[in-house]
**Q** 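Questions regarding the structure given below will be posed in turn.
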Amino acid sequence: MRIIAQQDRCVGAGQCVLVDPEAFDQNDDDGTVIVLRPDPRTDAEIGRAREAVNVCPGRTLSLEP
């Protein structure tokens, strides 16, 4: 599984960082998402990645199998 971020759609809300600060960060200049851990492996990591996708207000994040 891989986390995909479409930078041009990110609104910089930071919801993904709140869900999983080990997997996501925000760019200091514009607040857009930075994916720190693009390949969640454990069930817990995958669960947090799915939650981040679900709460993203810009629909910036997606998961690929």
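Quick note: numbers below take in every heavy atom, side chains included, and nothing from hydrogens, waters or symmetry partners. Computed from a prediction, not measured in an experiment: that's the story for all the values here.
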**Q** Examine Val17 and Val11 and state if one hydrophobic cluster contains both, with Ile, Leu, Val, Met, Phe, Trp and Tyr joined whenever side-chain heavy atoms are less than 4.5 Å apart.
**A** no
**Q** Does any N or O in the side chain of Thr60 come within less than 3.5 Å of the main-chain N or O of Arg9, such that one atom is a donor and the other an acceptor?
**A** yes
**Q** Look at atom CG of Asp28 and say whether more than 12 heavy atoms of other residues, nucleotides or ligands are closer to it than 6.0 Å.
**A** no
**Q** Provide the closest heavy-atom pair for Glu45 versus Arg41 in the form atom of the first, atom of the second, distance.
**A** OE1-N, 2.8 Å
**Q** Taking Ile46 as the starting point, is it possible to reach Val19 by hopping between hydrophobic residues whose side chains are less than 4.5 Å apart?
**A** no
**Q** Is there side-chain contact between Phe24 and Leu36, with at least one heavy-atom pair below 4.5 Å?
**A** no
**Q** Answer yes or no: does atom CG of Asp8 have more than 12 heavy-atom neighbours from other residues, nucleotides or ligands under 6.0 Å?
**A** yes
**Q** Can you give me the closest heavy-atom contact between Ile34 and Gln26, atom names plus distance?
**A** CD1-C, 3.8 Å
**Q** Please examine the side chains of Arg48 and Pro40, heavy atoms only from C-beta on, and report whether any two atoms are closer than 4.5 Å.
**A** no
**Q** Are side-chain heavy atoms of Ile3 and Leu63 found at a separation under 4.5 Å?
**A** yes
**Q** I'd like to know if the side chain of Gln7 and the backbone of Val33 have a donor-acceptor N/O pair within less than 3.5 Å.
**A** yes
**Q** Which pair of non-hydrogen atoms, one from Arg2 and one from Asp39, has the smallest distance, and what is that distance?
**A** NH1-CB, 4.5 Å
**Q** Please report the closest heavy-atom contact between Leu61 and Ala52, naming both atoms and the distance.
**A** CD1-O, 3.9 Å
**Q** Would you compute the distance between atom CG of Asn54 and atom SG of Cys16 and round it to the nearest 0.5 angstrom?
**A** 12.5 Å
**Q** Quick one: closest heavy-atom pair of Pro57 and Ala13, and the distance?
**A** CG-CB, 3.6 Å
**Q** What pair of heavy atoms forms the shortest contact from Val53 to Arg59, and how long is it?
**A** O-NH1, 3.4 Å
**Q** Do Arg37 and Asp20 come close enough that some side-chain heavy atom pair is under 4.5 Å?
**A** yes
